[in-house]
2 protein chains.
Amino acid sequence: MSSAATRATGQEHLWSVSEHLEDILATVRPLEPIELQLLDAQGCVLVEDVTVPVSLPPFDNSSMDGYAVRVADVAGASEEYPAVLTVVGDVAAGESELLHVGPGEAARIMTGAPLPPGAEAVVPVEWTDGGLGEGPVSGMRARSASPEAASGQVRIHRQAEARAHVRAEGSDVKAGDRALSAGTVLGPPQIGLLAAIGRGTVCVRPRPRVVVLSTGSELVQPDEALGTGQIYDSNSFALCAAARDAGAIAYRVGAVADDAETLRATIEDQLIRADLLVTTGGVSVGAYDVVKEALSSVGDEDEEGGGIEFRKLAMQPGKPQGFGSIGPEHTPLLALPGNPVSSYVSFELFARPAIRTLMGVEDVHRPGSKAVLRADKALTSPAGRRQFLRGRYENGEVTPVGGAGSHLIAALAHADALIVVPESVESVEPGTEVDVVLLG
Amino acid sequence: MSSAATRATGQEHLWSVSEHLEDILATVRPLEPIELQLLDAQGCVLVEDVTVPVSLPPFDNSSMDGYAVRVADVAGASEEYPAVLTVVGDVAAGESELLHVGPGEAARIMTGAPLPPGAEAVVPVEWTDGGLGEGPVSGMRARSASPEAASGQVRIHRQAEARAHVRAEGSDVKAGDRALSAGTVLGPPQIGLLAAIGRGTVCVRPRPRVVVLSTGSELVQPDEALGTGQIYDSNSFALCAAARDAGAIAYRVGAVADDAETLRATIEDQLIRADLLVTTGGVSVGAYDVVKEALSSVGDEDEEGGGIEFRKLAMQPGKPQGFGSIGPEHTPLLALPGNPVSSYVSFELFARPAIRTLMGVEDVHRPGSKAVLRADKALTSPAGRRQFLRGRYENGEVTPVGGAGSHLIAALAHADALIVVPESVESVEPGTEVDVVLLG
């Protein structure tokens with residue numbers, strides 16, 4: 001039985017922000033893992049402990065372009081009294097047949113190439129005459145331009161200790177070591193490591209598929225003409241973008257008119273591609289709040305799925321909220337309010353953590369911080385409500401942007417933080433330290 | 001003439017990290033802007049100042065579900081002595097035909113619906129009897145369940161000031177205002193604002209297309225069997241992921257064998273989908289360094305395109321670097337060294353800022369910070385080289401991870417910062433404050 005269902009009697013209870021969030025996080029479960037190609041797993045959470053199958057490096061190899069030598073042969077070598085060795089050939093990276101370096105011999109060797117049998121150290125080419133019989137050289141000539149350079153004699157100008165410029169087999173990781181632990185988020189270096197140990201695919205939780213739809217008969221698509229009483233749909237765009245920002249694959253359904261049957265049918269159609277459904281609008285106390293109307297009945301006992309509960313939250317903006325699950329897979333659904341600022345703030349507070357939970361990420365929350373309020377006058381906040389004002393954060397200070405109105409989307413677009421005013425506080429003086437949520 | 005070409009004589013000059021970066025940033029130009037669908041423009045930089053075509057809100061509208069009334073009709077109203085008004089009908093959001101509210105009349109109105117002519121204020125439904133003739137109600141019944149509720153009489157329990165619960169036309173933004181300035185990066189709230197003012201498409205610099213290829217005959221694809229002297233290709237995976245992280249669309253070509261003709265042909269093939277080419281390996285002083293061999297000739301005077309210059313940098317890891325432009329479009333190309341750590345650090349220092357420059361982003365750099373070195377013993381660093389060590393950053397402290405070896409990819413995968421040791425410093429004691437680059 002879902003947590004929402006167990007609290008079904010609480011219709012008039014004013015939920016705190018924390019209670020609502022806890023309910024969501026207690027209900028939403030991480031997605032089942034799947035095996036993905038490495039680059040498809042970027043940003044995803046590893047669900048397996050990955051063990052190193054073969055040591056890195058897999059063999060002793062040269063860290064420089066130079067000559068593989070025996071230590072005794074170059075003992076005491078200097079530019080004035082070079083060691084003169086016979087070059088037995090090239091050892092390039094990727095070559096499978098190895099030369100043997102005997103006494104008095106050297107092999108020209110490239111960075112990453114295996115140290116040939118017999119050799120004990122590598123002398124960088126800059127410490128030799130490069131086989132040209134003149135002074136020190138700054139590098140080798142390209143093999144294609146000068147194929148004869150891997151024969152004849154080379155003068156070595158410095159002595160070398162055993163293992164000098166040699167990267168030992170297993171000096172990075174050893175076979176059997178743990179490369180990465182379950183729970184690791186796969187960024188570029190982790191993907192690099194997995195490739196380096198030969199993993200072409202990896203078992204991770206996939207990106208959640210989030211379906212976003214806005215509701216409202218007043219909503220018109222951008223670029224279309226605006227009639228009397230109409231406004232443009234912005235929520236489905238903003239929340240799609242926010243869902244992607246959170247790590248999801250987002251599908252924008254667009255605006256659905258205020259008709260319960262249409263809405264119900266649309267949601268049922270979308271279930272097949274949704275790990276999470278997010279709707280906006282239609283959740284308040286009006287006679288045309290069709291999300292409430294359409295989804296309240298979904299949880300009937302004779303239907304499959306959990307049910308959506310509509311609540312009032314002790315917050316501003318974002319008082320009316322719906323949450324529950326729907327359909328045969330019990331797909332979680334968040335029904336957010338329709339005002340643009342309310343829906344965006346609600347998304348940040350509730351949908352983003354839900355998405356991060358589906359991904360299996362450990363830390364599902366935006367970073368919080370403290371900041372000193374910079375303002376001309378005190379901020380006011382309704383008693384008993386946690387208020388989220390828009391602000392700009394810089395160097396430990398936050399400045400409110402726009403007012404408290406939940407329709408002020410232009411101000412939202414110039415904010416990069418939410419200023420949190422707790423339930424118990426009705427006024428915040430300039431200079432006071434406040435909690436902020438950093439959106440950037 | 002490219003900056004690389006003007007410095008073509010400087011083969012033996014040891015470039016500083018800053019000089020090399022400056023040369024790259026002086027050469028790479030932001031991509032030409034294109035018109036994109038809003039959601040395709042996420043993360044992109046706006047190149048136009050966007051003006052508001054129609055005020056937001058476009059009309060006076062209700063901020064609550066309630067009743068639109070005339071102020072005089074509800075003067076002095078209380079629960080004990082309610083104002084009794086005749087309900088003339090519903091005003092729902094999106095309705096184009098408006099009622100008129102005369103003296104003694106009220107219209108039931110929904111959040112977002114236009115304030116009907118004659119009405120001066122909105123009284124929330126919770127401050128009325130909802131037309132049911134009993135006490136205060138907590139909301140309206142759904143229109144579909146109770147179509148008769150928009151007629152009869154309503155008792156209003158509180159008086160209202162003029163414009164109460166009315167959002168004035170243009171109170172968010174006014175027609176002619178600047179909504180967003182050129183240079184703005186489009187995140188979710190900015191996309192929301194653009195949609196809200198009716199913009200379905202927007203003029204931005206597109207995401208750069210970055211082609212990543214690694215070179216080396218020793219490289220094998222992950223999941224394939226490893227032969228003698230072979231290692232897995234990891235650079236093309238790590239750098240593809242890093243390019244995406246920076247905001248690019250990345251194409252992984254994979255590993256190309258050490259053959260100059262093959263490499264040249266591959267690069268020429270890829271040019272058509274590249275705004276930036278990134279190669280790894282083959283840039284040092286070895287006889288099989290084919291990137292150097294293949295691309296040094298591309299800048300011949302009788303060929304189109306700029307030319308690639310190969311340099312030595314005063315840095316560790318990442319001493320050998322190539323940079324220039326190639327092909328008829330003078331596509332920028334960064335030839336990074338082949339050791340996994342060298343290539344990744346070089347990408348962070350040079351390729352990422354190049355990608356951010358192509359995007360037109362103002363701040364192209366990773367955030368830097370100061371941190372106190374937490375270590376058992378002093379860090380050592382070669383004189384005259386800027387060293388970038390891998391570290392873990394937490395609460396103002398940074399702890400080195402792994403050693404200085406440029407093959408230590410496992411350590412890199414557990415780091416989240418680079419510790420920067422300046423050219424002039426050869427030893428850093430524990431407890432010293434150091435510069436760090438935060439990779440997260």
Side-chain angles (χ1 to χ4, degrees), chain A residues 38-39 42 54 57-58 65 92-96 110-112 114 125 139-140 142-144 167 172-173 188-193 195-196 198-200 216-218 222-223 226-232 234 237-238 240-242 245 260 284-288 293 340 344 407-410 412-413, chain B residues 38-39 42 54 57-58 65 92-96 110-112 114 125 139-140 142-144 167 172-173 188-193 195-196 198-200 216-218 222-223 226-232 234 237-238 240-242 245 260 284-288 293 340 344 407-410 412-413:
Chain A
L38 259 194
L39 283 172
Q42 186 171 1
V54 58
D65 299 311
E95 232 159 71
S96 57
M110 311 303 147
T111 306
V125 66
M140 300 175 189
R143 160 81 175 168
S144 54
R167 298 173 187 143
D172 188 0
V173 282
Q190 292 77 33
I191 286 173
L193 174 58
R199 290 292 298 258
S217 296
E218 75 278 26
D223 280 346
L226 216 53
T228 308
Q230 295 182 323
I231 59 171
Y232 290 109
S234 64
F237 290 92
C240 245
D245 246 19
S284 192
V285 298
Y288 296 74
E293 186 184 344
Y344 179 74
H407 64 300
L408 300 175
I409 187 168
L412 176 64
Chain B
L38 259 193
L39 283 173
Q42 186 171 0
V54 58
D65 299 311
E95 233 158 70
S96 58
M110 312 302 147
T111 305
V125 66
M140 301 175 187
R143 161 79 174 170
S144 53
R167 299 172 186 145
D172 188 0
V173 282
Q190 292 77 33
I191 286 173
L193 174 57
R199 290 292 298 258
S217 297
E218 75 277 25
D223 280 346
L226 215 52
T228 308
Q230 295 182 322
I231 60 171
Y232 289 110
S234 64
F237 290 92
C240 244
D245 246 20
S284 193
V285 297
Y288 296 73
E293 185 184 345
Y344 179 74
H407 64 299
L408 301 175
I409 187 169
L412 177 64

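Chain identifiers are assigned alphabetically (A, B, ...) following the order of the sequence lines, protein sequences preceding nucleic acid strands; residue numbering begins at 1 within each chain.
In terms of heavy-atom pairs under 4.5 Å with chain B, the best-connected choice from S217(A), G112(A), A196(A) is A196(A). Heavy-atom pairs under 4.5 Å with chain B were tallied for E95(A), R143(A), R199(A); the largest tally goes to R143(A). Looking only at heavy-atom pairs under 4.5 Å with chain B, the residue among I231(A), D223(A), L226(A), I191(A) that has the most is D223(A). Residue with the most contacts toward chain A among G94(B), A260(B), A241(B), C240(B): A241(B) (heavy-atom pairs, distance under 4.5 Å). Top candidate by heavy-atom pairs under 4.5 Å with chain B, chosen from P57(A), G286(A), G227(A), P340(A), is G286(A). Contact count versus chain B (heavy atoms, under 4.5 Å) is highest, among A242(A), P58(A), P222(A), G139(A), for P222(A). Interface remark: of the candidates G198(B), A142(B), A238(B), A93(B), G198(B) forms the most heavy-atom pairs closer than 4.5 Å to chain A.
For a residue to count as touching a neighbouring chain, one of its non-hydrogen atoms must lie under 4.5 Å from one of that chain's; by this rule P114(A) touches chain B with the side chain only. Proximity to chain A involves both the backbone and the side chain of P189(B), based on heavy atoms less than 4.5 angstrom apart. Contacts between L38(A) and chain B at a heavy-atom distance below 4.5 Å involve the side chain alone, from C-beta outward. Both the backbone and the side chain of Y288(A) come within contact range of chain B, with heavy atoms under 4.5 Å apart. Heavy atoms closer than 4.5 Å to chain A are found in both the backbone and the side chain of F237(B). Using a 4.5 Å cut-off between heavy atoms, Q42(B) contacts chain A through its side chain alone, with no backbone atom that close.
Heavy atoms only, all atoms of each residue included: A287(B) and M140(A) are closest at N-SD, 3.4 Å. Closest non-hydrogen pair, D65(B) versus S284(A), comes out as OD2-OG, 3.3 Å.
Legend: residues meeting side-chain hydrogen bond (donor to acceptor under 3.5 Å, both in side chains) with S144(A), ordered by chain and number and at least two apart, are E293(B). Residues that satisfy the side-chain hydrogen bond (donor to acceptor under 3.5 Å, both in side chains) test with S234(B), not counting sequence neighbours, are absent from this structure.
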